[in-house]
Amino acid sequence: MFLFTYLNSLSKTPQKLKKRMLATWTPDQELNKVRLRSGADMKRKLTWYDLVALGVGGMLGVGVFVTTGPVARKTSGPSVFISYIIAAVSALLSSLCYTEFSVAVPVAGGAFSYLRVTFGEFVGYFAGANILMEYVLSNAAVSRSFTEYLSCAFGRNDPNSWRIHAHGLMQGYNMLDFPAVALIIVLTICLCHSTKESSMLNLMMTAFHVVFFGFIIIAGFCNGKVENLVKPGGIAPYGVRGILDGAAIVYFSYIGYDTVSTMAEEIKNPSKTLPLGIVGSVLIVSALYCLMALSLCLLLPYNMIPEGASFSAVFELMGWKWASNVVGAGASLGIVASLLVAMLGQARYLCVIGRARLVPSWFAKVHPTTGTPLNATIVLGICQASIALFTELDIVIEMISIGTLLVFYLVSNALIFRRYVILSKNPPLHTLLFLFLLSSTSFAFSLSWKFKLHWWNLMLFAGLTFSATVIFQYFVPMIITERQESWLVPFMPWPATISIFLNVFLMTTLKMVAYKRFGIWACVITMFYVLYGVHSTYHAEEIVEMVVVDNVNVNSSTQQQITKVDIQLV
């Protein structure tokens with residue numbers, strides 16, 4: 001019987017896709033009607049400093065330790081700190097786009113909710129499923145890095161010294177990492193218990209981590225030499241191309257600020273707290289990263305910086321062997337903080353996707369006592385623990401980053417569409433045409449850069465991008481009808497335009513294997529939407545809504561009949 005019902009529903013897929021793929025919600029519906037599907041509300045206990053600590057903790061992971069040395073040695077030279085500044089500008093622009101949406105739609109769904117209210121159900125689902133995959137895979141990778149850095153803190157140089165070799169399993173999946181699994185289990189239990197207590201734990205770890213960063217920065221500035229920045233080869237031995245290519249690599253150290261937007265249902269006074277939390281955390285991390293990179297290049301000439309465990313190796317070369325252990329301990333603490341924040345965000349994404357009925361509604365349930373999405377937290381913890389137990393770091397890392405950049409790109413597009421179409425009531429054609437031209441010229445510029453075409457190609461496509469933005473700004477009016485207290489990105493559409501351009505540029509720097517695996521994942525989540533998601537949402541939104549409307553009409557009709565009878569009797 002169930003199979004017959006499902007096959008019958010499947011036969012109506014085209015009609016359901018036509019109704020649901022582009023179906024949008026209003027911010028009020030997201031805030032009220034959809035949120036009620038979780039049962040209990042999440043508890044509003046977080047303040048602005050909690051959000052700043054969550055943002056800083058989410059970004060201050062192992063990225064700066066892993067990327068700075070290799071980029072300084074092979075890509076940017078001493079100008080690696082300039083690469084960090086350029087990457088910071090890109091991250092800041094994307095964070096501004098997130099901030100406006102998070103204030104207008106303060107729900108736990110982050111990019112999923114922002115894109116669903118702008119471009120419709122399928123785009124929101126596609127972005128949410130991609131960023132959810134990125135969370136699970138990157139968390140698994142980070143937890144395996146925790147084992148490596150913790151063993152380094154105890155003086156063990158072999159990264160596999162605390163792992164167990166499993167004979168019979170294929171290469172890349174045969175080093176079992178039980179410390180990583182234990183860490184995920186402990187953090188999952190903490191997150192199930194309370195968001196506020198988890199935030200306080202993150203606040204303490206982040207404070208210690210910032211002090212640790214300060215130790216490295218002060219050591220570099222006090223013991224380094226300015227001449228190391230210009231010898232040999234000058235401050236930019238690889239030229240402008242090296243600086244920009246370096247920015248594309250180090251940009252991934254900034255990923256994590258989007259987690260702050262998923263806490264919108266658990267903070268006090270979202271319209272004032274969210275901008276401080278998102279933008280403030282990006283600015284703090286940007287300053288720390290730039291100073292860290294500069295201190296490393298002050299300590300040694302760029303061509304002598306070791307590629308692996310750069311900061312530890314540099315301190316050993318200085319004769320500070322004890323500092324190598326300190327770096328391992330500090331990096332381990334940073335990993336725990338960033339993992340805690342990422343696990344906090346991923347559960348809220350899945351919870352809100354469950355509210356939309358795109359996955360089983362069981363994931364949307366919020367525990368009435370703890371005020372946390374318990375089911376989503378536990379299931380995702382089990383998934384990433386399973387991946388972290390078996391899968392080598394290199395295999396996991398190849399699959400991450402592209403989905404995050406795609407989501408940042410979509411959110412920037414959505415902000416322009418929201419400002420010029422939804423709020424300003426302009427016809428959508430002009431804005432959609434501009435977004436298409438902007439993406440096309442950005443892609444053409446990026447390919448010209450990647451394949452090292454003649455400089456006039458770069459000038460042509462950069463000029464077209466600039467001209468299209470100027471023409472669009474001049475001919476398409478922007479009318480602000482939002483409330484005065486709403487937070488809006490200034491100088492639109494330029495911040496979102498530059499964000500789109502930079503995200504496209506960064507996506508073209510990724511390896512082909514990332515696109516192949518992204519293509520496979522895109523097919524999987526699209527099939528899931530066609531076979532399950534669209535049918536579930538159609539039933540929840542269309543059929544249930546029709547039943548509610550019919551009941552209202554029946555009640556209204558009955559009331560009118562009763563009134564007529566009363567009048568006749570009178």
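Only a predicted model underlies this, so the values are computations on that prediction, with no experimental measurement involved. These values consider heavy atoms only, across backbone and side chains, with no hydrogens, waters or symmetry-generated copies.
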Inset, instruction - Working to the nearest 0.5 Å, report the span between CZ of Arg73 and OG1 of Thr68. - result: 15.0 Å
Inset, instruction - Name all residues meeting the side-chain contact (heavy atoms from CB on, under 4.5 Å) criterion together with Ile284; count only those two or more places apart in sequence or in a different chain, and write none if there are none. - result: Val52, Val56, Leu288
Legend entry - Full working for side chain to side chain contact (heavy atoms under 4.5 Å, CB included) between Tyr114 and Ser102: CA-CA 8 Å; Tyr114 310 154; Ser102 66; 3.2 Å; yes
Legend entry - Heavy-atom check, side chain of Leu380 versus side chain of Met343, under 4.5 Å: no
Inset, instruction - First locate atom NZ of Lys452, then atom CZ of Arg241, and finally report the distance between them rounded to the nearest 0.5 Å. - result: 5.5 Å
Inset, instruction - Output the distance between atom SG (Cys190) and atom CG (Leu340), rounded to the nearest 0.5 Å. - result: 7.0 Å
Inset, instruction - Search all heavy atoms of Leu229 against all heavy atoms of Cys297 and return the closest pair with its distance. - result: CD2-CB, 3.7 Å
Inset, instruction - Side-chain contact test, heavy atoms from C-beta onward, threshold under 4.5 Å: evaluate it for Pro373 versus Leu350 and give yes or no. - result: no
Legend entry - Sub-4.5 Å side-chain heavy-atom contact between Thr465 and Leu438: yes
Inset, instruction - In sequence, state the C-alpha distance, the side-chain angles, and the governing distance for Phe213 and Leu291, and then conclude on side chain to side chain contact (heavy atoms under 4.5 Å, CB included). - result: CA-CA 9 Å; Phe213 268 53; Leu291 292 173; over 6 Å; no
Inset, instruction - Check for a donor-acceptor pair, side chain of Ser90 on one end and backbone N or O of Ala87 on the other, with a separation under 3.5 Å. - result: no
Inset, instruction - Might you work through the side chain to side chain contact (heavy atoms under 4.5 Å, CB included) test for Leu435 and Ile500, ending with a clear yes or no? - result: CA-CA 9 Å; Leu435 293 176; Ile500 291 169; 4.3 Å; yes
Inset, instruction - Measure across Val352 and Ser113 and return the closest heavy-atom pair with its distance rounded to 0.1 Å. - result: CG1-OG, 3.6 Å
Legend entry - Beyond-backbone contact of Phe81 with Ile85, side-chain heavy atoms, under 4.5 angstrom: yes
Inset, instruction - Report yes or no: does Asn139 contribute a side-chain atom to a donor-acceptor pair with the main-chain N or O of Val136 at less than 3.5 Å? - result: no
Legend entry - Heavy atoms from other residues, nucleotides or ligands near CZ of Phe208 exceed 12 (cutoff 6.0 Å): no
Inset, instruction - Would you check if Leu191 and Thr372 make a side-chain contact, meaning some heavy-atom pair closer than 4.5 Å? - result: no
Legend entry - Side chain proximity check, Thr469 to Phe434, heavy atoms < 4.5 angstrom: yes
Can you give the donor-acceptor pairs under 3.5 Å from side chains of residues 406-417 to other protein atoms, not counting sequence neighbours?
| unit_1 | atom_1 | unit_2 | atom_2 | d |
| --- | --- | --- | --- | --- |
| Tyr409 | OH | Ser439 | OG | 2.5 |
| Ser412 | OG | Phe408 | O | 3.1 |
| Ser412 | OG | Ser499 | OG | 2.8 |
| Asn413 | ND2 | Tyr409 | O | 2.8 |

Inset, instruction - Can you see which heavy atom on Lys450 is nearest to which on Thr508, and at what distance? - result: NZ-O, 3.0 Å
Inset, instruction - Report the distance from atom CH2 of Trp48 to atom CG of Leu274, rounding to the nearest 0.5 Å. - result: 14.0 Å
Legend entry - Reported CD1-to-OG distance for the pair Ile82 and Ser76, which is rounded to 0.5 angstrom: 9.0 Å
Legend entry - Tyr135 vs Gln384 side-chain heavy atoms within contact, under 4.5 Å: no
Legend entry - Nearest atoms (heavy-atom pairs only) where Ala140 meets Ile387: CB-CG2, 3.7 Å
Legend entry - Results of side-chain contact (heavy atoms from CB on, under 4.5 Å) for Ile218 - residues two or more places apart only: Cys222
Inset, instruction - Mark yes or no for whether Thr75, through its side chain, and Gly242, through its backbone, hold a donor-acceptor pair below 3.5 Å. - result: no
Legend entry - Phe466/Trp494 aromatic ring centres below 6.0 Å: yes
Inset, instruction - Kindly give the heavy-atom pair with the smallest separation between Ser442 and Phe501, and that separation in Å. - result: OG-CD1, 3.3 Å
Inset, instruction - Taking atom CZ of Phe436 as the centre, report whether more than 12 heavy atoms of other residues, nucleotides or ligands fall under 6.0 Å from it. - result: no
Inset, instruction - Answer yes if the side chains of Tyr238 and Ser79 hold a donor-acceptor pair under 3.5 Å, and no otherwise. - result: no
Inset, instruction - Verify, without hydrogens or angle tests, whether Ser95 (side chain) and Leu92 (backbone) share a donor-acceptor contact under 3.5 angstrom. - result: yes
Legend entry - Steps toward side chain to side chain contact (heavy atoms under 4.5 Å, CB included) verdict (Phe101, Leu115): CA-CA 9 Å; Phe101 269 115; Leu115 293 170; over 6 Å; no
Inset, instruction - Can you see which heavy atom on Tyr84 is nearest to which on Cys290, and at what distance? - result: CB-SG, 3.9 Å
Inset, instruction - Kindly assign one of parallel, tilted or perpendicular to the pair Tyr251 and Tyr254, based on the angle between their ring planes and the thresholds 30° and 60°. - result: tilted
Inset, instruction - With the side chain counted from C-beta on, respond yes when Leu458 and Leu453 share a heavy-atom pair under 4.5 Å apart, and no when they do not. - result: no
Legend entry - Ring geometry between Phe126 and Phe518 (parallel below 30°, tilted from 30 to 60°, perpendicular above 60°): perpendicular
Legend entry - From Met492 atom CE to Tyr420 atom OH, the distance as rounded to the nearest 0.5 Å: 6.0 Å
Legend entry - Partner of Pro493 under side-chain contact (heavy atoms from CB on, under 4.5 Å), chosen from Arg419, Gln473, Met478: Gln473
